[in-house]
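Shown next, in structure tokens, is the structure this report addresses.
Counting begins at 1 with the first residue of the sequence.
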Amino acid sequence: MPDSRERHYSRLDQAFAGFLGARCRLDPVLRQRFMELVRELCRAQHNGHSCIRLDAQHRDIVRASGMAADGRVMPLVLEEDRLYLQRYWHYETRLARQLRAMAARRAAVAVGAAPLDRYFPPVADATDWQREAARCALRQGLSMITGGPGTGKTSTVVKILALLQEFAPRPLHIALAAPTGKAAMRLQEAIGLSKARLPCSEAVRQHIPESVTTIHRLLGARPPSPFFRHSAETPLPHDLVVIDEASMVDLALMSKLVDALKKDARLILLGDKDQLASVESGAVLADLTAALPAHTLELRKSFRFEENIKNLADSVNLQQPEQAWRQLLAGGKNITLLTEKIVEEIVLQQTGYLQRIRQGCDYGAIYRSFSAFQVLCATRQGRFGVESVNLQVRQRLAEQRLIDPEAQWYSGRPVMITQNDANMHLYNGDIGICLPDQEQGDKLMVFFQRPDGSVKKYLPARLPHCETVFAMTIHKSQGSEFDRVLIMLPEKMNPVLTKELLYTAITRARKMVTLVADADVFARTVNSRVERYGVLAQKLRAAARLAPGDAGIS
């Protein structure tokens, strides 16, 4: 277990440790050590780990506490040298067992070379990785299609859906989902464009869905409980489920999703395994691709990325800080290093959508203009953190009379939802813009574009918790793309700075990357990487029996 001295634990962690400590079978001295283990386990789980490792002495303390599974459902599970919260042991173990079974099940569809040639015309002297991905997905119940932005994951999966529908004995019931509303909206747009170009009959095309939902809505969230309407007892009716941006899906949600699939359903996961892992516990997509290479196909050719942005992203991903810094210094039309007048540059980029509001443009045009540029900060605090940047940008825009300097809610205020509200169909990460509503006498309303392209509007007072979003954290940008991004790293090294964080930020840009960074902080960021402790990949590789205590937990 890591040295826990000088750790800072949340009040909930302290309370939970105290609750178990009061009920354990240990003397006062060992009870304190046991409670420290519980606090450290909770802290590790908050930081994305599914468990912690214990030495022999600490394992003996946990066994003696009476709080670990011994054939009954208990708060903790001690498995070999790993300590889990019962719930996360259940998620990891059950998910590994279910995915092993899904991977072992063959679901071959009889498709010859000619149909594959029609959807993926042969390429001379080169491997067509999209075709290979389709060929694998057609014969497997579980498939992972990975690759960076612009490698054609969406267009490939649409062709796979067309082939499956074309050769299925009956039309398949297909669900398309993503972790966030933003990601769902992007997938829906991409599928609509890809469907129009399919070399198939109109009948086949009509059976490929365009509607994309969030995973929570697909499963039927029941807030504030952790339960969903669909589970192993009431499975989803779909024959095939496609999940985009799978790197964002945490261990708990992936376990509940797989739990809710009917027995013979297919699952296709799309994502970039090199991006940041989920905010919550686990690195599920990375674990799956590592443990199940026969079910993973990586697309390698980018069709959309500007070449020097791709080269910069590759250098960061390969942890080559000197080469990446040289690329930044070389600059060019697609990459710049910004060292002065930073706020002025941000304000200049933000004036476009504000001008469209003044011109009375429709919401679609305003939202597209706003979404073309985004500031991405590594941290919330500090000079280059989200809170400071948002405050400075608002002040400058107010000085220029582009927004109301006094009001909390003003025309043009962009906001991000930070708390799920299933009843209002608003979820963490959804972005809206406050505008005067002409249908209600110019009363200020907050407009949100939904995944299906429709626009919903709400009174500001009715919104769940939200915050101004002239700038957002890199974590919050996952699942989004922008024409241009301005990335801000803090002035000093911070534990959140990793090559995965920077790679994710760079790959949000389609056309232009601007970076604000100190050379030393940049190099140390590229040389750091996310480390998450858990053994999902190990359990996937091994056909191990479930340990005692596997009980139904949500």
Side-chain angles (χ1 to χ4, degrees), residues 1-96 221-228 231 250-256 259 278-282 418-420 465 495 531-536 539 545-554:
M1 187 188 77
D3 184 358
S4 59
R5 289 173 296 180
E6 304 302 321
R7 297 289 197 204
H8 296 284
Y9 302 109
S10 73
R11 292 176 63 187
L12 182 60
D13 296 344
Q14 298 276 13
F16 181 64
F19 177 82
L20 295 190
R23 288 158 177 78
C24 72
R25 302 188 299 232
L26 299 170
D27 63 48
V29 174
L30 290 180
R31 181 181 298 121
Q32 290 302 316
R33 295 176 66 183
F34 169 72
M35 289 166 59
E36 186 65 31
L37 288 175
V38 175
R39 286 191 288 266
E40 186 61 25
L41 174 60
C42 293
R43 183 179 183 276
Q45 194 264 311
H46 296 324
N47 289 334
H49 307 285
S50 59
C51 56
I52 58 174
R53 300 186 77 161
L54 303 182
D55 59 25
Q57 186 179 51
H58 286 128
R59 294 198 295 273
D60 288 342
I61 292 174
V62 172
R63 291 190 189 100
S65 73
M67 291 290 107
D70 58 357
R72 298 172 295 154
V73 176
M74 299 297 288
L76 307 176
V77 172
L78 183 61
E79 182 180 66
E80 298 179 1
D81 63 346
R82 302 181 296 273
L83 181 65
Y84 294 81
L85 295 173
Q86 167 72 237
R87 188 183 301 273
Y88 285 86
W89 175 85
H90 170 84
Y91 291 147
E92 185 179 82
T93 305
R94 185 171 174 83
L95 179 61
R222 290 177 166 174
S225 83
F227 299 100
F228 290 96
S231 63
D250 62 84
L251 179 65
L253 186 57
M254 185 65 79
S255 179
K256 293 179 181 184
D259 234 5
S278 60
V279 175
E280 303 295 334
S281 294
T418 60
Q419 181 180 344
N420 292 337
H465 189 269
E531 298 290 345
R532 291 213 163 166
Y533 187 61
V535 292
L536 177 61
K539 288 181 178 180
R545 293 179 181 175
L546 287 174
D550 181 32
I553 297 175
S554 294

*Relative to the ring of Y91, is the ring of Y88 parallel (under 30°), tilted (30 to 60°) or perpendicular (over 60°)?*
perpendicular

_Using the side chain to side chain donor-acceptor pair (under 3.5 Å) definition, which of the options R63, Q57, H58 pairs with D60?_
R63

_Lys/Arg N to Asp/Glu carboxylate O, R39 vs D13, below 4.0 Å_ = no

_Test of understanding: with ring-ring contact (aromatic ring centres under 6.0 Å, His included), list the residues that count as partners of F34, not counting sequence neighbours._
none

*Would you confirm whether R43, through its side chain, and Y9, through its main-chain N or O, come within 3.5 Å as a donor-acceptor pair?*
no

*Quick one: closest heavy-atom pair of L54 and R59, and the distance?*
O-NH1, 2.7 Å

_Could you work out, with side-chain hydrogen bond (donor to acceptor under 3.5 Å, both in side chains) as the rule, every residue matching S50, not counting sequence neighbours?_
E92

*Considering only heavy atoms from C-beta outward, does the side chain of L26 approach that of S65 to under 4.5 Å?*
yes

*Please report the closest heavy-atom contact between Y533 and H49, naming both atoms and the distance.*
N-ND1, 2.7 Å

*Nearest heavy-atom pair of C42 and F16: which atoms, and what distance?*
SG-CD2, 3.6 Å

*asked:* Minimum heavy-atom separation for L85 and L41, please, with both atom names.
replied: N-CD2, 3.6 Å

_Nearest heavy-atom neighbours spanning A44 and I52_ = CB-CG2, 3.4 Å

_R82: partners by salt bridge (Lys or Arg N to Asp or Glu O under 4.0 Å), with sequence neighbours left out_ = E79, E80

*Any donor-acceptor pair under 3.5 Å linking the side chain of R33 with the backbone of V29?*
no

*asked:* Looking at every non-hydrogen atom in both residues, tell me the closest pair between S281 and S278 and how far apart they are.
replied: O-OG, 3.7 Å

_Quick one: does any side-chain atom of K539 pair with a main-chain N or O of L95 as donor and acceptor, under 3.5 Å?_
no

